[in-house]
A.B. asks: 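A single structure is presented below for examination.
In what follows, residues are counted from 1 in the order of the sequence shown. Because the structure is predicted, anything quoted here is derived from the model rather than measured.
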Amino acid sequence: MIKRTFYSLLAVICLATTGFAQPVTYLKKWLAMNPIQRPALRTEAAARTDLTRKEADEAASLLLNDERTQRAEALKKSWVDKTLTEGEHVMKFEYRLFGEKPADGRSLFISLHGGGNAKPEVNDQQWKNQIGLYKLAEGVYVAPRAPTNTWNLWHETHIDPMLDKLIQAAVLAEGVNPNKVYVMGYSAGGDGVYQLAPRMADRWAAAAMMAGHPNEVTPVNLRNIGFTLHMGALDKAYDRNKIAERWGRWLDSLQTADPGGYKHLVQLHEGRSHWMQGEDTVAIAWMMPFRRNTIPDKVVWKQDDRVHTDFYWLAVPEGQAKTGREVVASYKGNVVTIEKNDYETLVIRLNDAMMDLDKPVEIIHEGKRLFRGKVNRTLGTLQQTVARRNDPGLVFPIEIELRKTAGKTLVVASK
């Protein structure tokens, strides 16, 4: 017997409860406690109570300040020591400051060196070269040293959380604006940008790939960032020049089909081989006007071999994040449309910058309305998203879950 699969919708609907403090008042008391003695916030009655927009904004600010305070000592030490750790891996880095700090915060350029499967001293030399390779009109220029000496040194699984920590440390120590973060890389560093730009797109404003090879990755996740690709026209090793041309056509076709996204510049430098003699520096000026949008009106999310559980305003359970799975989702007004979803459980996160959360929210899937109703902002959801991302642009007071279940009934339940 073949079972038909339907979606059930789990909306965050909180019951009115009496006998406890107002949510923000309770939160202040909770934050005043020693962090190791705090009860799990999401289980507390106050954390499940509906918030006004004003209360949600105040609570988000309090939670972000608390998270920043708890992480500050370790992050500042990492910045002073110019060293990051993730498990057994250690990433050293050097940085330079350029220009005066703008009113909206500094820019951050993370620049990945070449090398790869070679002796440590070869990669050390490539790192030293990268430190002085580019200059900025303004910003913090950071050149990390890859923790390994493998062929895929910039797209192994430990790289993603290490770059997250690097961004957070620069925000804290140098006043970097998290919406002005850019990644770039040359040769093997370019390989890394090909991989890291799509799978960490919600961290970047723009990315620049120089003289690298993409391996199996696709550009579909790049919809909401700027992406520029620079290659010597004579760089024939591993067909890098041909692949660069192919990516140019690929990005052109994506932008034609979706004019709201995929802003890109692909340039093959005539007469240049693997070393472009500095002509690729034009990428920096091209990237600088871009700003990260943490709540784009459309998200295309295809998992790479290094999977993630969060991407912009979408999330999935850890066990379901598998290579090749894809989601295409968008919103307009208070209507969220799911065009494609390969997951058994998909979490949609909402905040007041996206839509009017005092009005009903509607969920459309494959042309059918799954849900329409009021959903509540809660402290519990705010605290969870703050803890998961530690990013002021990725804080959400509402989560709605879509679940595939066997059966014929569309279920709306409280969480």
A.B. asks: With salt bridge (charged side-chain N to carboxylate O under 4.0 Å, His left out) as the test, would you mind laying out the steps for R325 and D304 before giving the verdict?
C.D. replies: CA-CA 8 Å; R325 287 192 168 183; D304 192 11; over 6 Å; no
A.B. asks: Just by distance, no angles: are the side chains of R42 and Q383 close enough, under 3.5 Å, to form a donor-acceptor pair?
C.D. replies: no
A.B. asks: Could R53 and E58 be called an ion pair, given the rule that one side-chain N must be under 4.0 Å from one carboxylate O?
C.D. replies: no
A.B. asks: Is there a salt bridge (charged side-chain N to carboxylate O under 4.0 Å, His left out) between K322 and D305 once you walk through the steps?
C.D. replies: CA-CA 8 Å; K322 297 180 180 180; D305 52 1; over 6 Å; no
A.B. asks: How far apart are the closest heavy atoms of P397 and L357, and which atoms are they?
C.D. replies: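 Closest approach of P397 to L357: CG-CD1, 4.4 Å.
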A.B. asks: In a check of side chain to side chain contact (heavy atoms under 4.5 Å, CB included) between I400 and each of V347, V375, V336, which one passes?
C.D. replies: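 So, applying the side chain to side chain contact (heavy atoms under 4.5 Å, CB included) to I400 and each of V347, V375, V336, only V375 qualifies.
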A.B. asks: Please answer whether the main-chain N or O of F98 pairs with a side-chain N or O of R106 as donor and acceptor at a distance below 3.5 Å.
C.D. replies: yes
A.B. asks: Quick check against the 3.5 Å criterion: does T43 have a side-chain atom that pairs as donor or acceptor with the backbone of P39?
C.D. replies: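 No, T43 side chain to P39 backbone: no donor-acceptor pair under 3.5 Å.
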A.B. asks: What is the ring orientation for F290 with W286, classed by angle as parallel under 30°, tilted 30 to 60°, or perpendicular over 60°?
C.D. replies: tilted
A.B. asks: Where do E279 and R272 land on the salt bridge (charged side-chain N to carboxylate O under 4.0 Å, His left out) test, with the steps shown first?
C.D. replies: CA-CA 9 Å; E279 293 179 7; R272 303 303 183 201; 2.8 Å; yes
A.B. asks: Show the numbers, then the answer: is there a side chain to side chain donor-acceptor pair (under 3.5 Å) between T52 and R377?
C.D. replies: CA-CA 7 Å; T52 66; R377 311 174 187 88; over 6 Å; no
A.B. asks: Which class fits the ring pair W313 and Y331: parallel under 30°, tilted 30 to 60°, perpendicular over 60°?
C.D. replies: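 The rings of W313 and Y331 stand perpendicular, inter-plane angle above 60°.
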A.B. asks: Do E362 and N334 have side-chain N/O donor and acceptor atoms under 3.5 Å apart?
C.D. replies: no
A.B. asks: Quick one: does Y182's side chain have a donor or acceptor within less than 3.5 Å of a partner on M288's backbone?
C.D. replies: yes
A.B. asks: Could you pull out the closest heavy-atom pair between G248 and H264, with the gap in Å?
C.D. replies: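 That would be O-NE2, 4.3 Å.
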A.B. asks: Could you check whether D235 and N241, counting side-chain N and O atoms only, form a donor-acceptor pair closer than 3.5 Å?
C.D. replies: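 D235 and N241 do not have a side-chain donor-acceptor pair below 3.5 Å.
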A.B. asks: Between E216 and Y194, do the side chains contain a donor N or O and an acceptor N or O under 3.5 Å apart?
C.D. replies: no
A.B. asks: Would F93 and W79 count as a close aromatic pair, with their ring centres under 6.0 Å?
C.D. replies: yes
A.B. asks: Are V176 and Q168 close enough that some pair of their side-chain heavy atoms sits under 4.5 Å apart?
C.D. replies: no
A.B. asks: Do the side chains of R199 and D160 get close enough for a salt bridge, i.e. N-O under 4.0 angstrom?
C.D. replies: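 Salt bridge present between R199 and D160.
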A.B. asks: Quick check: do H230 and T228 have side-chain heavy atoms less than 4.5 Å from each other?
C.D. replies: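 Contact flag for H230/T228 side chains = yes.
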A.B. asks: So that I can tick it off, tell me whether D81 and K92 are bridged by a salt bridge, with the cut-off set at under 4.0 angstrom between side-chain N and carboxylate O.
C.D. replies: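 A salt bridge is absent here (no side-chain N lies under 4.0 Å from a carboxylate O).
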A.B. asks: Is L112 close to P144 at the side-chain level, that is, under 4.5 Å between some pair of heavy atoms?
C.D. replies: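 Yes, their side chains come closer than 4.5 Å.
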A.B. asks: Roughly how far apart are I159 CD1 and L196 CG, rounded to 0.5 Å?
C.D. replies: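 With rounding to 0.5 Å, CD1 (I159) is 7.5 Å from CG (L196).
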A.B. asks: Less than 4.5 Å apart, any side-chain heavy atom of I110 and any of L166?
C.D. replies: yes
A.B. asks: Testing the basics here: between K302 and T218, what is the closest heavy-atom pair and its distance to 0.1 Å?
C.D. replies: CD-OG1, 4.3 Å
A.B. asks: Under 4.0 Å between a side-chain nitrogen and a carboxylate oxygen: does that hold for E94 and K82?
C.D. replies: yes
A.B. asks: Classify the side-chain pair N152/T150 by whether it contains a donor and acceptor separated by less than 3.5 Å.
C.D. replies: yes
A.B. asks: With side chains defined as the heavy atoms from C-beta onward, is the minimum distance between T378 and L51 less than 4.5 Å?
C.D. replies: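 Side-chain contact under 4.5 Å: no.
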A.B. asks: Test your reading of the model: is there a side-chain donor-acceptor pair from E401 to the backbone of L346, 3.5 Å cut-off?
C.D. replies: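 The answer is no, because no donor-acceptor pair under 3.5 Å joins these two groups.
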A.B. asks: Show the nearest heavy-atom pair for residues K404 and Y343, with the distance to one decimal.
C.D. replies: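 Minimum heavy-atom separation between K404 and Y343: CE-O, 3.3 Å.
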A.B. asks: Are D297 and R223 close enough for a salt bridge, meaning some N to O gap below 4.0 Å?
C.D. replies: yes
A.B. asks: Quiz question: by atom type and distance under 3.5 Å, do the side chains of T381 and E399 form a donor-acceptor pair?
C.D. replies: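 There is no such pair between these side chains.
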A.B. asks: Counting distance only, does the side-chain N/O of N65 pair as donor-acceptor with the main-chain N or O of S61 below 3.5 Å?
C.D. replies: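 Looks like yes, one N/O pair under 3.5 Å.
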A.B. asks: Give the minimum heavy-atom separation between G324 and D342, together with the two atoms involved.
C.D. replies: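 Minimum heavy-atom separation between G324 and D342: O-OD2, 4.1 Å.
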A.B. asks: Could you check L314 against V316 for side chain to side chain contact (heavy atoms under 4.5 Å, CB included), going step by step and ending with a plain yes or no?
C.D. replies: CA-CA 7 Å; L314 298 173; V316 296; over 6 Å; no
A.B. asks: Identify the two heavy atoms, one from E100 and one from E138, that lie closest to each other, and give their separation to 0.1 Å.
C.D. replies: O-CG, 3.6 Å
A.B. asks: How about W204 and F227: are their ring centres within less than 6.0 Å of each other?
C.D. replies: no
A.B. asks: Does E67 come within less than 4.0 Å of R71, counting only side-chain N to carboxylate O?
C.D. replies: yes
A.B. asks: What pairs of residues pass the side chain to side chain donor-acceptor pair (under 3.5 Å) test when at least one of them lies in residues 30-40, not counting sequence neighbours?
C.D. replies: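 Only R38-D66 qualify under side chain to side chain donor-acceptor pair (under 3.5 Å).
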A.B. asks: If we only count heavy atoms from C-beta on, is the R249 to V266 side-chain gap below 4.5 Å?
C.D. replies: no
A.B. asks: With rounding to the nearest 0.5 Å, note down the distance linking CD in E318 to CG in D310.
C.D. replies: 10.0 Å
A.B. asks: What do you reckon, are the aromatic ring centroids of Y141 and F109 less than 6.0 Å apart?
C.D. replies: no
A.B. asks: I need the S330 OG to E339 CD distance, nearest 0.5 Å.
C.D. replies: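 Rounded to the nearest 0.5 Å, the OG-CD separation comes out at 5.0 Å.
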A.B. asks: To the nearest 0.5 Å, what is the distance between OG on S187 and NE2 on H213?
C.D. replies: 11.5 Å
A.B. asks: Identify, with sequence neighbours excluded, every residue that meets ring-ring contact (aromatic ring centres under 6.0 Å, His included) alongside W301.
C.D. replies: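 W301 satisfies ring-ring contact (aromatic ring centres under 6.0 Å, His included) with F311 once adjacent residues are dropped.
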A.B. asks: Indicate whether any N or O donor in one side chain lies under 3.5 Å from an N or O acceptor in the other, for Y186 and D280.
C.D. replies: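 There is no such pair (donor and acceptor under 3.5 Å, judged by atom type) between the side chains of Y186 and D280.
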A.B. asks: Check this for me, if you would: do K180 and D104 make a salt bridge, where the nitrogen-to-carboxylate-oxygen distance has to be below 4.0 angstrom?
C.D. replies: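 Looking at D104 together with K180, the answer is yes, because their closest N to O distance falls below 4.0 Å.
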A.B. asks: Check whether any side-chain heavy atom of T294 sits under 4.5 Å from a side-chain heavy atom of D202, and report yes or no.
C.D. replies: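 No, side chains not in contact.
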A.B. asks: What is the distance from atom CD1 of I295 to atom CZ of R349, rounded to the nearest 0.5 Å?
C.D. replies: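 If we round to the nearest 0.5 Å, I295:CD1 and R349:CZ are 14.0 Å apart.
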A.B. asks: Could you check if a side-chain atom of Q195 sits within less than 4.5 angstrom of a side-chain atom of D191, using non-hydrogen atoms only?
C.D. replies: no
A.B. asks: What I want to check is whether the side chains of E86 and H158 have a donor and an acceptor closer together than 3.5 Å.
C.D. replies: no
A.B. asks: State the CD-OG1 distance between E73 and T69, to the nearest 0.5 angstrom.
C.D. replies: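 It comes to 11.5 Å.
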A.B. asks: Is R203 salt-bridged to D164, cutoff N-O under 4.0 Å?
C.D. replies: yes
